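The structure appears below as structure tokens.
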Amino acid sequence: MLKMLFSSGLILLFFAIKAQNNIDVLHYKYEIELNDANDSISGKATILFTVKSNINSAVFDLKNITGGKKGMEFIMAQVIRSTTPMSSFNHSNDKLTLTFQRPLPVDDSVKISISYRGIPSDGLIISKNKYGHRSFFADNWPNRGHNWIPCVDDPADKASVEFIVTAPQHYQVVANGIQIEETNLTDGKKRTHWKEDVPIATKVMVIGAADFAVNLSGVVDNCIPVYSWVYPEDRDKGFYDYAQANEILPFFIKNVGPYGYKKLANVQSKTTFGGLENANTIFYYENSITGTRKSEALLTHEIAHQWFGNMATEKSFAHLWLSEGFASYMTILYLQSKYGADTATKMLLEDRLQIIDFAKKNTAPVINETKNYMELLNVNSYQKGSWVLHMLHRQLGDSVFWKSIRRYYAEYAGKNADTKDLQQVFEKVSGKNLETFFYQWLYTPGIPKLDIQWNYLAKEKKVSVTIKQQQKVPFVFPLDLQLKTTTGVSLVKSIQVSKQEETFFIPAKEQIISVKIDPGTALLFEGNITRK
């Protein structure tokens with residue numbers, strides 16, 4: 001995704017959280033009805049889940065009606081399959097708690113249905129598009145799906161999903177997975193059924209209903225259809241711009257691993273973000289279409305998410321960099337493969353400046369346990385996360401880096417991972433202990449702030465380089481220095497920095513007239529160098 005943007009009650013909440021953590025949703029089936037008369041929706045959710053520990057209630061996230069207007073009204077719930085009947089329900093504090101007559105056995109497979117209705121307060125954007133036409137676009141990230149669908153709104157609980165949408169006939173409906181039905185009904189409505197068999201997080205479950213022009217822009221690997229869904233007014237420009245996906249998709253298949261889904265749809269939409277990486281059905285902001293293909297980096301970022309964030313998903317939002325940092329760096333690598341190393345260097349330098357500026361104002365580390373998930377859409381998750389991968393790439397080498405990326409994806413595709421899981425993969429592949437690297441760059445705030453002084457010692461034929469780390473806790477890192485001689489020869493020497501202040505002596509037979517820090521753009525730091 002890219003940004004634009006102790007009482008009875010407490011006891012109930014405690015048990016609700018405990019119960020929610022002890023079920024595993026396997027499948028959601030949502031039957032949603034949309035209309036043009038007002039913004040209310042009606043829905044029925046059929047949910048299949050297994051029980052992970054003995055509990056007598058199952059808890060789902062579902063927004064309550066607030067202020068007498070927006071929110072979801074719970075109508076009824078039924079047990080379709082279970083060894084235990086339901087006894088009661090409670091819908092409060094945005095939690096729907098279904099209580100059973102006795103504890104549910106561990107590993108019990110339970111199927112229930114929940115009927116509800118209301119006006120979404122968030123999560124489903126019902127409005128007019130830039131051309132004045134009414135539209136419906138889901139916008140679930142990070143945990144906003146419960147504003148319009150009952151669910152376990154947590155990235156760690158992934159499930160397969162199907163959407164059966166009934167809407168006025170003039171709408172075309174797109175959603176995750178494969179379309180298995182589109183039927184015009186006798187009452188001027190249309191029924192559209194999409195089904196996704198691969199388990200995904202609620203943050204990337206999606207529907208979109210609007211007037212669309214739809215184009216099959218290509219088929220990748222002879223089996224993955226790539227579609228463009230754009231407003232009819234932007235048909236020509238949109239089909240041209242979004243067709244770049246046909247070039248981007250093969251890069252990640254080749255370098256990371258197989259594409260995890262049966263289609264890829266790129267959709268012009270009303271998302272509040274620049275792009276939203278919904279599983280195989282990516283939503284882009286309305287003005288992403290220009291007819292000039294200026295959104296190539298945006299498309300690349302969101303397509304990269306299909307591997308990192310969607311298939312291999314972070315265990316919690318504290319590890320969001322495993323999604324956003326990966327998508328950011330993979331975008332740089334793709335553009336480098338297409339346009340050359342200078343393009344990548346320019347992007348890395350621009351990102352480094354943003355990280356330096358951000359570090360002066362924000363003291364949080366990349367791994368951040370805040371519950372305000374929107375705050376995580378920041379430089380730490382994107383640019384700094386990207387730079388961490390870049391430094392791993394440079395320090396371990398191209399072969400080890402890509403082997404580690406492929407191993408990580410193969411191990412966690414369809415699952416959830418955290419930063420420790422990634423670290424273990426890199427350590428197994430590289431044979432190196434990376435504890436210090438991961439701790440200082442991801443769990444520690446800030447970056448190295450360096451004051452470097454150098455001098456050429458003619459008699460000793462050496463260059464002295466004194467490095468002071470001005471931040472409180474010293475980092476450990478390799479630092480490349482480019483030495484230029486009076487005859488124009490450039491030499492690159494690497495030193496290992498680990499102390500608050502230390503002096504290095506580098507042999508140099510010829511007189512050195514200049515020393516440049518980090519000539520290959522391999523280190524994340526702020527600093528300057530002067531001659532004594």
Side-chain angles (χ1 to χ4, degrees), residues 1 21 24-26 52 140-143 152-160 196 198-205 252-253 255-261 277-280 301-331 333 365-371 373 376-377 380-382 384-393 396 400-435 437-443:
M1 172 208 332
N21 290 335
D24 177 19
V25 178
L26 303 179
K52 295 194 291 185
N140 286 358
W141 199 96
N143 60 339
V152 176
D153 219 349
D154 184 326
D157 195 351
K158 299 163 78 170
S160 54
E196 176 52 68
V198 177
I200 58 177
T202 54
K203 66 173 184 168
V204 291
M205 293 179 182
F252 294 112
I253 294 172
N255 290 289
V256 179
Y259 182 66
Y261 309 104
E277 65 270 16
N278 308 301
N280 60 66
H301 183 104
E302 306 307 332
I303 292 172
H305 271 308
Q306 305 306 307
W307 283 261
F308 305 107
N310 293 0
M311 284 298 292
T313 308
E314 63 274 11
K315 288 179 179 176
S316 72
F317 287 110
H319 301 269
L320 183 62
W321 84 280
L322 293 175
S323 177
E324 300 300 346
F326 267 75
S328 299
Y329 190 52
M330 291 297 151
T331 298
L333 293 178
V366 173
I367 309 301
N368 188 342
E369 298 287 349
T370 180
K371 298 306 178 186
Y373 301 139
L376 296 173
L377 301 180
N380 270 351
S381 299
Y382 290 76
K384 190 173 180 181
S386 171
W387 253 96
V388 169
L389 289 170
H390 177 62
M391 288 187 290
L392 273 172
H393 195 171
L396 299 178
V400 170
F401 174 79
W402 280 114
K403 186 177 180 180
S404 299
I405 292 295
R406 288 190 287 270
R407 177 79 60 85
Y408 169 72
Y409 182 70
E411 213 166 300
Y412 291 101
K415 302 176 185 177
N416 294 77
D418 60 19
T419 302
K420 290 295 183 182
D421 296 320
L422 179 74
Q423 178 183 332
Q424 289 172 5
V425 170
F426 269 90
E427 287 181 335
K428 287 178 184 177
V429 175
S430 68
K432 295 184 178 182
N433 185 328
L434 298 172
E435 182 66 28
F437 179 94
F438 275 81
Y439 178 77
Q440 67 186 13
W441 294 113
L442 294 164
Y443 296 89

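Note that the structure is a prediction, hence the values are computed from the model and not measured. Values below: all heavy atoms of this structure, side chains included; hydrogens, waters and symmetry mates excluded.
By the ring pair (Phe, Tyr, Trp, His ring centres under 6.0 Å) test, F426 pairs with no residue at all, sequence neighbours left out. Annotation: ring pair (Phe, Tyr, Trp, His ring centres under 6.0 Å) contacts of F438 (sequence neighbours excluded): none. For S160, the side chain to side chain contact (heavy atoms under 4.5 Å, CB included) partners two or more places apart in sequence, or in a different chain, are H27. Qualifying side chain to side chain contact (heavy atoms under 4.5 Å, CB included) partners for S328, counting only residues two or more places apart in sequence or in other chains: H301, Y382, S386. In this view, E435 and K420 satisfy the salt bridge (Lys or Arg N to Asp or Glu O under 4.0 Å) rule, not counting sequence neighbours. Every side-chain hydrogen bond (donor to acceptor under 3.5 Å, both in side chains) that Y412 has, sequence neighbours left out, goes to D421. Annotation: side chain to side chain contact (heavy atoms under 4.5 Å, CB included) contacts of S316 (sequence neighbours excluded): A318, H319. Residues passing the salt bridge (Lys or Arg N to Asp or Glu O under 4.0 Å) test with K203 are E314, sequence neighbours excluded. Applying the side-chain hydrogen bond (donor to acceptor under 3.5 Å, both in side chains) criterion to Y329, with sequence neighbours excluded, gives H390, H393. Taking S323 as the reference, H305 meet the side-chain hydrogen bond (donor to acceptor under 3.5 Å, both in side chains) condition, with sequence neighbours excluded. In terms of the side-chain hydrogen bond (donor to acceptor under 3.5 Å, both in side chains) criterion, N380 has no residue partners (sequence neighbours excluded). Residues that satisfy the side chain to side chain contact (heavy atoms under 4.5 Å, CB included) test with P142, not counting sequence neighbours, are R144, F317, Y373, M374.
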